[in-house]
Amino acid sequence: MDNDIDDDSVPALVDETTTVSIKVPVTILTGYLGAGKTTLLNYILTENHQKRIAVILNEFAQGSAMEHLLLTATKDDSNGNGREQYQDWLELRNGCLCCSVKDVGVQAIEQLLEKRRNHFDYILLETTGVADPLPIVKMFWLDEELHSDLILDGLITVIDAHNGLKNYEDDRHQAKALWLRQAAMADVILVNKIDLISEEEKIKILSIVRSINVTAQIYETTRARIDLNLILDRRAYSNNSSTDYLLKKIDNQSTISVPHGYQTLNSITIELDGEFDFDELDQLIIQILWNEQNTTQEIVRMKGVLCLRNETTYRILQAVGQMYEFICTNENHYDNLRNCFVVIGSNLNQDILIEQFRKCIK
Ligand SMILES: Nc1nc2c(ncn2[C@@H]2O[C@H](COP(=O)(O)OP(=O)(O)OP(=O)(O)O)[C@@H](O)[C@H]2O)c(=O)[nH]1
Ligand SMILES: [Zn+2]
């Protein structure tokens, strides 16, 4: 449904001058109970797509308090035909991935990478249906300095169009708040099970999803069948995400009116001309992400393309929860000093945010 983003070729992660440190992109897969995550994973593990993908399931082992990360990866056997699956258990101390000790999931996967070096090119990590994606995204959105072999590539959310619409009307339902949050954080959204809904319901669920997340790519699916090139290699959190992709996405999304009856979680777009003073903007970002003024506003995701005083190239702002970074790009703005931000969260006050950003423009 959504216009494909003609991603210009994203620069290779490693060019010939740097030492070999090919990072393995990690794609996090989330979605409420029954949305179709496992269906997608089975499709990935059976479809002959020539990609070597390690699928990691956040499964509770039978009966034991321990939660394991089950690695099921497909690899071609020695003579390259057929597909053999192997499973590898990763011991995780008790507690589920999103609630466990900070970044133990990352270390566990890095150890696995060591053992299984060069067996796969992608890692797909499925979260449980009741996981809040925020802590997991933060865990994998590692600072470059950590020299991790992993790089967070994107968050894919599967939505059950049939049940999602049903529980959307039911404010008491815990599912609603969760699937909306999982949608708000997503870089790609699969609106799945469209075979179970009418044309009218499809239009409704798509507008709800678009109102919550103005930049995600949205695809309608049945049985979660999707061209894997649309969910892998998103580079949604790195400085390779091209600014014009963000500008284009932000540009063609007027500020979406929040659907009636759901006044909290939504996304707004802020466009301002001028150049920011870096220190003042940095202070403001901390202030609003950490909610230092104790408003009811909660920001879960922010992306931006901005111009800084004394710089000729765009900066990208990426924020997830309270973590953020300003990423340099090599894209010259040629004095077209247009800044665009997309802010996703609950109880957002667009006028106040615009005012606060405007004060940092010099
Ligand atoms: N009609 C229809 N059924 C679907 C579709 N996608 C998945 N299902 C069914 O929905 C049920 C749940 O799908 P799963 O893939 O197990 O969902 P899940 O997100 O992994 O669920 P949890 O493991 O509980 O989080 C299964 O019976 C699937 O066969 C679809 O597009 N259309
Ligand atoms: Zn958890």
Side-chain angles (χ1 to χ4, degrees), residues 5 7-13 15 18 23 25 137-138 140-146 148 151-155 185 187 213-216 233-253 255 267-290 292 299-345 348 350 352-362:
I5 299 299
D7 261 353
D8 40 5
S9 63
V10 176
L13 280 176
D15 58 29
T18 47
K23 290 182 181 269
V137 170
K138 284 164 68 173
F140 284 94
W141 186 30
L142 303 171
D143 289 336
E144 291 297 302
E145 290 71 56
L146 290 183
S148 165
I151 182 167
L152 179 61
D153 191 58
L155 177 70
M185 296 283 303
D187 301 295
N213 188 327
V214 289
T215 57
D233 289 328
R234 296 291 89 209
R235 302 280 196 290
Y237 289 79
S238 62
N239 56 356
N240 293 322
S241 51
S242 62
T243 37
D244 54 14
Y245 155 60
L246 266 173
L247 284 171
K248 199 177 351 178
K249 282 306 288 177
I250 288 172
D251 261 358
N252 64 22
Q253 306 295 344
T255 307
S267 56
I268 57 173
T269 308
I270 293 174
E271 299 195 55
L272 290 168
D273 289 328
E275 290 177 308
F276 282 100
D277 171 90
F278 178 75
D279 294 335
E280 292 194 19
L281 181 63
D282 194 37
Q283 278 311 309
L284 172 65
I285 298 300
I286 292 171
Q287 185 191 320
I288 54 178
L289 292 183
W290 293 71
E292 289 178 347
I299 293 177
V300 291
R301 186 89 164 83
M302 186 155 49
K303 303 180 193 180
V305 175
L306 55 104
C307 307
L308 287 183
R309 207 164 41 170
N310 309 327
E311 288 193 4
T312 57
T313 52
Y314 284 116
R315 289 279 192 117
I316 285 186
L317 168 66
Q318 287 272 16
V320 177
Q322 294 176 341
M323 281 168 71
Y324 70 98
E325 67 175 335
F326 289 101
I327 302 167
C328 297
T329 75
N330 48 18
E331 308 205 19
N332 197 310
H333 53 57
Y334 300 109
D335 291 338
N336 168 12
L337 303 178
R338 186 169 46 141
N339 306 277
C340 308
F341 298 89
V342 170
V343 184
I344 299 174
L348 301 178
Q350 182 159 20
I352 292 180
L353 283 168
I354 289 176
E355 229 10 76
Q356 288 174 317
F357 275 103
R358 188 169 278 126
K359 279 190 192 133
C360 301
I361 288 196
K362 296 303 165 200

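The structure displayed is predicted, hence computed values, not measured ones. Heavy-atom basis, side chains included; hydrogens, waters and symmetry copies ignored.
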Under 4.5 Å between any side-chain heavy atoms of [X] and [Y], yes or no?
X: I285; Y: L317; answer: yes
X: E355; Y: L353; answer: no
X: Q318; Y: I327; answer: yes
X: L281; Y: L306; answer: yes
X: L337; Y: D273; answer: no
X: V343; Y: Q350; answer: no
X: Q356; Y: I288; answer: yes
X: F276; Y: C307; answer: no

Is it the case that the side chain of [X] and the backbone of [Y] share a donor-acceptor pair, with hydrogens and angles ignored and the cut-off at 3.5 Å?
X: D277; Y: K362; result: no
X: N339; Y: L272; result: yes
X: D187; Y: L155; result: yes
X: N332; Y: T313; result: no
X: Q322; Y: I286; result: no

Practice prompt. Identify whether NZ of Lys or CZ of Arg in R315 sits under 6.0 Å from the centre of the six-membered ring of F278 and within 45° of that ring's axis.
Written response: yes

Practice prompt. Please find out if less than 6.0 Å separates the ring center of Y324 from that of F341.
Written response: no

Worksheet item: When rounded to the nearest 0.5 angstrom, what is the spacing between CZ in F326 and CD in E311?
Response: 10.5 Å

Worksheet item: Where is the tightest heavy-atom contact between H333 and Y314, given as atom of each residue plus distance?
Response: CB-CZ, 3.5 Å

